[in-house]
Amino acid sequence: MRSLKTMSERSIRSLKAMHRDQIQEHLRFAQELGVVGVSRDRAWRERKTGAADPRGRPPAAAAAEGPTHTSKSPIRLTLTPVEALAAVRTDIGDCTRCKLHRLGRQQIVFGVGNPNADLMFVGEAPGRDEDVQGIPFVGRAGQLLTKIVEAIGLTRDEVYIANVIKCRPPENRNPEPDEVETCEPFLFQQIDVIKPKVIVALGTFASRALLRTLDPISRLRGRVYDYRGAKLIPTFHPAYLLRNPASKREVWEDMKRVRELLKS
Ligand code: URA
């Protein structure tokens with residue numbers, strides 16, 4: 001018969017082993033979550049690390065609630081703008097949501113430029129050249145847009161360019177309401193990812209779609225609108241400028257305002 005003492009010593013040893021395994025597993029799990037250290041010392045838990053707690057919690061609350069992941073943390077719950085835009089593009093896929101996919105479009109024209117841009121241009125829909133190349137504003141109107149961008153000291157690579165509609169309408173006709181309704185959520189997602197300071201809406205169609213109005217561009221331009229956290233400036237479409245070069249003067253006024261807003 002084993003003595004009570006021996007039994008209790010064995011139980012204590014096996015209990016300790018069990019706890020050790022559990023604690024090891026717990027620590028491994030915490031490490032995977034990004035916890036870099038633990039301490040039972042209250043002063044250590046409530047220490048000032050130099051950096052403010054990202055959620056603005058007092059040290060004791062932050063320690064009690066557990067770790068907050070910073071950019072140095074091994075896990076990251078947010079996507080970078082590049083990743084988030086890629087996710088939007090993946091979501092669009094080889095889109096068949098509206099009738100444009102069977103009306104001759106060659107490919108989806110998603111958007112181009114800097115995912116962290118302060119300045120974003122929004123046009124109407126891809127034309128023939130854009131449909132062939134898969135890049136917005138690469139035709140004649142696009143070349144003029146590039147000059148407009150450069151006129152305020154930026155390059156095409158520094159801004160972001162997209163359209164309300166991602167597929168070319170047949171014969172470059174105006175996009176129809178059901179096409180806009182289906183496609184514009186993707187533009188809104190692009191805007192929300194990029195978070196530009198300033199959006200330039202190019203022409204009547206983009207300005208109307210973004211500002212939810214039926215006013216013509218001649219009435220809309222000349223003012224700054226608050227839009228999804230950005231300042232929105234409607235201006236004439238470069239294709240219109242190719243036909244009406246005299247209106248370049250007004251576009252230049254709009255672009256000077258854009259430049260001021262970008263500096264502010
Ligand atoms: N016009 C637009 O509105 N978008 C383009 O991408 C090209 C021409």
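All values derive from a computational prediction rather than experimental measurement. In listed order, ligands and their atoms are each counted from 1.
In summary, the atoms of ligand 1 found under 4.0 Å from a heavy atom of Pro136, numbered by their order in the structure, are 6 (O). Of all atoms in ligand 1, numbered sequentially from 1 with element shown, those under 4.0 Å from a heavy atom of Gly123 are 3 (O). Those atoms of ligand 1 with a heavy atom of Glu124 less than 4.0 angstrom away are 2 (C), 3 (O).
Annotation for Arg140: atom CZ does not count as buried by contact number, only 12 or fewer foreign heavy atoms lying within 6.0 Å.
Of the protein's heavy atoms, Ala125 O, 3.1 Å lies nearest to atom 2 (C) of ligand 1.
Using a 3.5 Å distance cut-off with no hydrogens or angles, the side chains of Gln107 and Lys166 do not pair a donor with an acceptor. Using a 3.5 Å distance cut-off with no hydrogens or angles, the side chains of Thr182 and Arg97 do not pair a donor with an acceptor.
At a heavy-atom distance under 4.0 Å, only side-chain atoms of Glu130, from C-beta outward, approach ligand 1.
Leu220 and Ser207 get closest at one heavy-atom pair: CD1-CB, 3.8 Å.
Nearest-residue assignment for atom 6 (O) of ligand 1 (options Asn163, Val164, Asn172; heavy-atom criterion): Asn163.
Side-chain contact between Leu100 and Arg168 is absent, with no heavy-atom pair separated by less than 4.5 Å.
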Please test His237 against Phe121 for ring-ring contact (aromatic ring centres under 6.0 Å, His included), starting from the C-alpha separation and ending with a verdict. CA-CA 10 Å; His237 195 286; Phe121 289 86; over 10 Å; no

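Distances shorter than 4.0 angstrom do not occur between any heavy atom of Gly142 and any atom of ligand 1.
For a threshold of 3.5 Å applied to N or O pairs, the pair formed by Ala141 and ligand 1 contains no separation below that value.
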